[in-house]
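Worksheet for the structure shown next.
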Amino acid sequence: MLDAKTIATVKSTIPLLAQTGPALTAHFYQRMFTHNPELKDIFNMSNQRNGDQREALFNAICAYAANIDNLSALLPAVERIAQKHASFSIQPAQYGIVGEHLLATLDELFSPGEEILDAWGKAYGVLADVFIQREHAIYQDAASQHGGWEGTRPFRIVKKQAQSALIASFTLEPVDGKPVVDFKPGQYLAVYVRHDSLTHQEIRQYSLTHAPNGRTYRIAVKREDQGTVSGYLHDIAQEGDIISLAAPHGDFFLSASLTTPVTLISAGVGQTPLLSMLHQLKDQAHGADVLWLHAADNGDVHAFGDELAQISQQWPALTRYVWYREPGKDDRPGEDFHHHGVMALDTLASRLTDVTMHFYLCGPVAFMQFVARQLLALGIAPSQLHYECFGPHKVV
């Protein structure tokens, strides 16, 4: 526990942190990668270049300082970050490295004196211990389950299939031929890639797109402009190639009783974790209404359309609505898509206002914010909205 003086000292630095902004974390990352370049094999360097990771870390530091006397308020963020850290196989010694460079950054930028540096050192130590203990539990749980493992495990690509002009799916089976651990629909796999075309080892998280089967995993990958790993998977990786995986992780997953109405809302590749949820709901013969709301630019980039149509034919409890922003000349209204334009929910209001319904959202942040505003305006309680951001977390 932190004493009152330490808490007050850390809180006193909040205005200085806010004034400095992400320049603080930019300095931190530059320092850390200069002194510990081996960490470039763990961190997503693309997020370093576009500034997303610097912004996310800065927001996390400010949130910790503001809630240092009320750590329970941080527990949802701690769980989300701990799950991501576990997918990167983060180890306790690495927290020491991060702490060293964080304190050095504060000293080099502000020269705040020993009292403030000591307070931040104590505060960081408490937070690091929270993460270390939670991640240790996650590792133990993953390794102890049937088909589970700790660290990474080699998998073979047994099927690579184009699902749209931008998205390909990959079915993966373990090289050792043993079972694979089940997962919660909505969770992701961390893919570890080393290849001569890459400067560093690269690690990315991709959502699982099917219900657990104990034998294989399936992920879907969108080709991103200048995407290091997505480019490798789309252009270089072939069936028969070996990649390494961490066990499934993630704090965004389906959690609904058989009598809870569920609406799954996505845009673009954001449908991937929701597709896993949908398969699970179908396999469990979910007893309440299930709505699938999806937005895409057009049919050329609309992935898994045939799979969704097949599920809908087999399972009457499912109702689908698809929006195409700009339908192509071959897109068929009423078959391929149901609405033209952006996802406006006013026409479905009567289907969405069941007070027991839960909503799962995934897609670009601006899309999720747009949808969330509409749902809140319909009277949906914030506690019934669940969402995931790909990459560094942002608040919807």
Side-chain angles (χ1 to χ4, degrees), residues 1-36 39 42-43 47-48 51-86 88 90-139 251 365 382-383 387 389 391-396:
M1 295 293 292
L2 294 171
D3 59 86
K5 182 179 180 181
T6 298
I7 291 172
T9 301
V10 170
K11 279 183 168 288
S12 73
T13 65
I14 293 176
L16 184 60
L17 298 177
Q19 180 181 354
T20 308
L24 170 73
T25 44
H27 184 99
F28 160 79
Y29 278 120
Q30 182 178 20
R31 189 183 204 284
M32 184 173 68
F33 290 136
T34 298
H35 289 82
N36 295 92
L39 295 181
I42 297 176
F43 283 82
N47 286 336
Q48 294 297 321
D52 285 351
Q53 192 62 57
R54 296 195 295 270
E55 179 184 354
L57 179 60
F58 173 74
N59 291 337
I61 290 172
C62 290
Y64 181 47
N67 292 280
I68 194 169
D69 52 350
N70 180 29
L71 294 183
S72 62
L74 300 175
L75 290 180
V78 167
E79 180 63 18
R80 180 175 60 251
I81 295 170
Q83 292 285 339
K84 184 65 70 71
H85 283 181
F88 284 112
I90 298 297
Q91 299 302 311
Q94 290 163 331
Y95 280 96
I97 295 173
V98 169
E100 172 191 343
H101 293 298
L102 176 61
L103 295 180
T105 294
L106 294 174
D107 191 26
E108 290 166 2
L109 289 183
F110 309 126
S111 299
E114 289 303 314
E115 182 180 358
I116 287 178
L117 291 176
D118 287 347
W120 265 102
K122 292 178 184 178
Y124 175 79
V126 168
L127 184 62
D129 188 61
V130 169
F131 278 111
I132 289 169
Q133 296 302 318
R134 177 60 188 132
E135 288 156 21
H136 176 69
I138 292 172
Y139 292 140
D251 69 325
V365 171
S383 61
Y387 66 95
C389 298
H393 186 76
K394 296 184 180 181
V395 175
V396 170

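Just the heavy atoms: all of them, side chains too, but no hydrogens, waters or symmetry mates, feed the values below. Bear in mind that the values here come from a model prediction, so they are computed numbers and not experimental data.
Pairs of residues two or more places apart, or lying in two chains, that qualify as ring pair (Phe, Tyr, Trp, His ring centres under 6.0 Å) and include a residue from residues 103-132 are His85-Phe131. Applying the salt bridge (charged side-chain N to carboxylate O under 4.0 Å, His left out) rule to pairs touching residues 12-28 yields nothing, sequence neighbours excluded.
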Can Leu127 and Tyr95 be said to form a side chain to side chain contact (heavy atoms under 4.5 Å, CB included), step by step?
CA-CA 10 Å; Leu127 184 62; Tyr95 280 96; over 6 Å; no

Test side chain to side chain contact (heavy atoms under 4.5 Å, CB included) applied to Glu135 and Phe88, step by step:
CA-CA 11 Å; Glu135 288 156 21; Phe88 284 112; over 6 Å; no

Let's go through Val126 and Tyr64 carefully: what are the C-alpha distance in whole Å and the side-chain angles of both, what is the deciding distance for side chain to side chain contact (heavy atoms under 4.5 Å, CB included) to 0.1 Å, and is it a yes or a no?
CA-CA 11 Å; Val126 168; Tyr64 181 47; 4.2 Å; yes

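Evaluation of the side chain to side chain contact (heavy atoms under 4.5 Å, CB included) rule for Lys11 yields Ile7, Ile14, Ile68, Asp69 as partners, not counting sequence neighbours. Every residue two or more places apart in sequence or in another chain was checked for a side chain to side chain donor-acceptor pair (under 3.5 Å) with Ser111, and none qualifies. Leu117 meets the side chain to side chain contact (heavy atoms under 4.5 Å, CB included) test with Leu106, Asp107, Pro112, Glu114; sequence neighbours excluded. Taking Ala104 as the reference, Arg31, Glu108 meet the side chain to side chain contact (heavy atoms under 4.5 Å, CB included) condition, with sequence neighbours excluded. The side chain to side chain contact (heavy atoms under 4.5 Å, CB included) search around Ile138 returns Ala82, Gln83, Ala86, Arg134, His249, not counting sequence neighbours. Scored by the ring pair (Phe, Tyr, Trp, His ring centres under 6.0 Å) test, His35 finds His101 as partners (sequence neighbours excluded). In this structure, the side chain to side chain donor-acceptor pair (under 3.5 Å) partners of Thr6, at least two apart in sequence or on a different chain, are Asp3.
Annotation for Ala123 and Val10: closest pair CB-CG2, 4.0 Å, computed over non-hydrogen atoms.
Glu100 places no side-chain N or O within donor-acceptor distance of the main-chain N or O of Ile97, the cut-off being under 3.5 Å.
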